[in-house]
Amino acid sequence: MITLKDPSLLKQQAYVNGQWIDALNGETNPVLNPATGEQIATVPDLGVEETEAAIAAAEVAFKSWKKKTAKERSVLLRKWFELIVANKDDLAILMTAEQGKPIAESAGEVVYGASFIEWYAEEGKRAYGDVIPSHAVDKRIIVTKEPIGVTAAITPWNFPNAMITRKCAPALAVGCTMIIKPAEDTPLSALALMELADRAGIPAGVISVVTTKRPIEVGKTLTDSPIVRKLSFTGSTPVGKQLMRQCADTVKKTSMELGGNAPLIIFDDADLDKAIPAAIASKYRNSGQTCVCANRLLIQSGIYEEFAQRYAAEVAKLEVGNCSEGEFQQGPLINRAALDKVAMMVDDAVAKGARVIAGGKPHELGGNFFEPTIVADITNDMRLAREEIFGPVAPLFRFETEEEAVQIANDTEFGLAAYFFTRDYARVFRVSEALEYGMVAVNDGILSTEVAPFGGVKESGTGREGSKYGMDDYLEIKYTLVGGL
Ligand code: ADP
């Protein structure tokens, strides 16, 4: 049971063209609380036809939405932002119920998610162009920025709110319209956002949410459509690659926020009093289920044992439980498959000689809960070293030199976030420049904010979300030549 101050935020219908709709075939999908397995709601199982209707509505809405002034759009987005903040507590309860994360983290995500709407409501007014000095006296060169058009977003379950607002806020601010397909596990946060967008007065068709348990079918409808001019995806690298292939046929623009394999490097000269809490936050936030979570902890040999001991003492303090019912630092994993994968990765490391120094197995609470875990003495042949863990498991590597640390850190096909801790200012520059990552945090474990560009290099993706750079992902450049002057 979900108890909200405003029960009308619990929506069990999809939102298409400003209407709350059921599936044409009448089918629904259950939404489960991952902490208990209990069904908390159902949402419609939309398919091709309803997705096509959402695309058609977005195409119609685009014609008038793009003609509004940036300020007119900004006023509506600002209202939406204020409604989200005013309903923060209910949105957090909904999120924890469907996703499992601690209430404080859910509330934090709601505020973080809303911050993108606030920020782009302002920045949308600054989609400036250029007047370029001409190559001929009788000609003028004008460059303007135009909204790309109808866009689509496919989003994951780990941040059910913010992964949506990061995409739709810049899109809507500059005049694009958007169809969103949220993750099957977490549609309720997306639908609650739509209820608030509706109350804010965002016109029908400007933004729609298509719920489904047929992501391949709905995804293909979006990528095959010549009307959809851009796809923004956050999720796993294999699905991202598949969607890029699908987008090739209509030469769509894409933004891809894909997997990571973040190194967190602690040098001998680091301030451990600061590095340890930062490494806890970076690893165990959202039970380790974020694409920028520290995935590999690289510890220089002079402090390796001390770090391991002190880190284990902090990990032992993390309380695990059902976050809908109490204050815990660790919720469940999203589903059984996630739990099994994490357990198999730990077993693989142990079989190859690694040492478990905290946790190491499914939690005695049962269900989808896993113990906050540290595995020491990791080597590069272990799955924990090569794959995105997406769970509360910290693998510790030992290294000797700075060169070795950088080499290990870069030895991956991914390039999203990297972290390192040192008090040597020259090393700050040397290492941050040597790391092949889209984002580097020095002496900090958290780097997401709406004012900075979030995104990766290599197989972690393309494009940026947040900041003035994030707006470019939804704009086309038009060059106009005025001749005969
Ligand atoms: P995760 O492993 O985090 O669940 P996925 O990449 O599988 O990551 O899922 C992220 C999003 O992509 C979800 O909304 C999911 O429904 C969607 N998705 C998964 N496979 C496809 C596909 N083949 N086509 C379109 N969307 C997909």
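Numbering of ligands and ligand atoms starts at 1, following listing order. For the single chain, residues carry numbers from 1 onward in sequence order. No experiment lies behind these values; they were computed from the predicted model shown. Just the heavy atoms: all of them, side chains too, but no hydrogens, waters or symmetry mates, feed the values below.
Under a cutoff of 6.0 Å and an axis angle of 45°, K361 and F370 do not form a cation-pi pair. F454 carries R166 over the face of its six-membered ring, with the cationic atom under 6.0 Å from the centre and within 45° of the normal.
Protein heavy atoms are found less than 4.0 angstrom from atom 20 (N) of ligand 1.
Those atoms of ligand 1 with a heavy atom of A183 less than 4.0 angstrom away are 14 (O). Using a 4.0 Å cut-off to heavy atoms of L243, the atoms of ligand 1 that qualify are 24 (N), 25 (C).
For atom 18 (N) of ligand 1, the candidate residues are A153, P215, G240; the nearest heavy-atom contact is made by P215. Between T234, L222, I216, it is I216 that holds the heavy atom closest to atom 22 (C) of ligand 1.
Given atom 17 (C) of ligand 1, the protein heavy atom at minimum distance is I154 CG2, 3.6 Å. Shortest contact from atom 13 (C) of ligand 1 to any protein heavy atom: T155 O, 3.4 Å. Atom 1 (P) of ligand 1 has W157 NE1, 3.7 Å as its closest protein atom, hydrogens excluded (heavy atom only). Nearest protein neighbour of atom 5 (P) of ligand 1, counting heavy atoms only, is S236 OG, 3.6 Å.
Heavy-atom separations between F390 and ligand 1 are all 4.0 Å or longer.
Using a 4.0 Å cut-off between charged side-chain N and carboxylate O, E436 and K458 make a salt bridge. Ionic pairing of E184 and K213 is not present here: no N-O contact between side-chain nitrogen and carboxylate oxygen is shorter than 4.0 angstrom.
Annotation for K88: atom NZ does not count as buried by contact number, only 12 or fewer foreign heavy atoms lying within 6.0 Å.
No side-chain heavy atom of E59 sits less than 4.5 Å from a side-chain heavy atom of T177.
If you check the side chains of T212 and D45, you find a donor sitting under 3.5 Å from an acceptor.
Between F390 and W157, the ring-plane angle classifies as perpendicular under the 30° and 60° cut-offs.
Between E184 and ligand 1, at least one N/O pair is under 3.5 Å apart.
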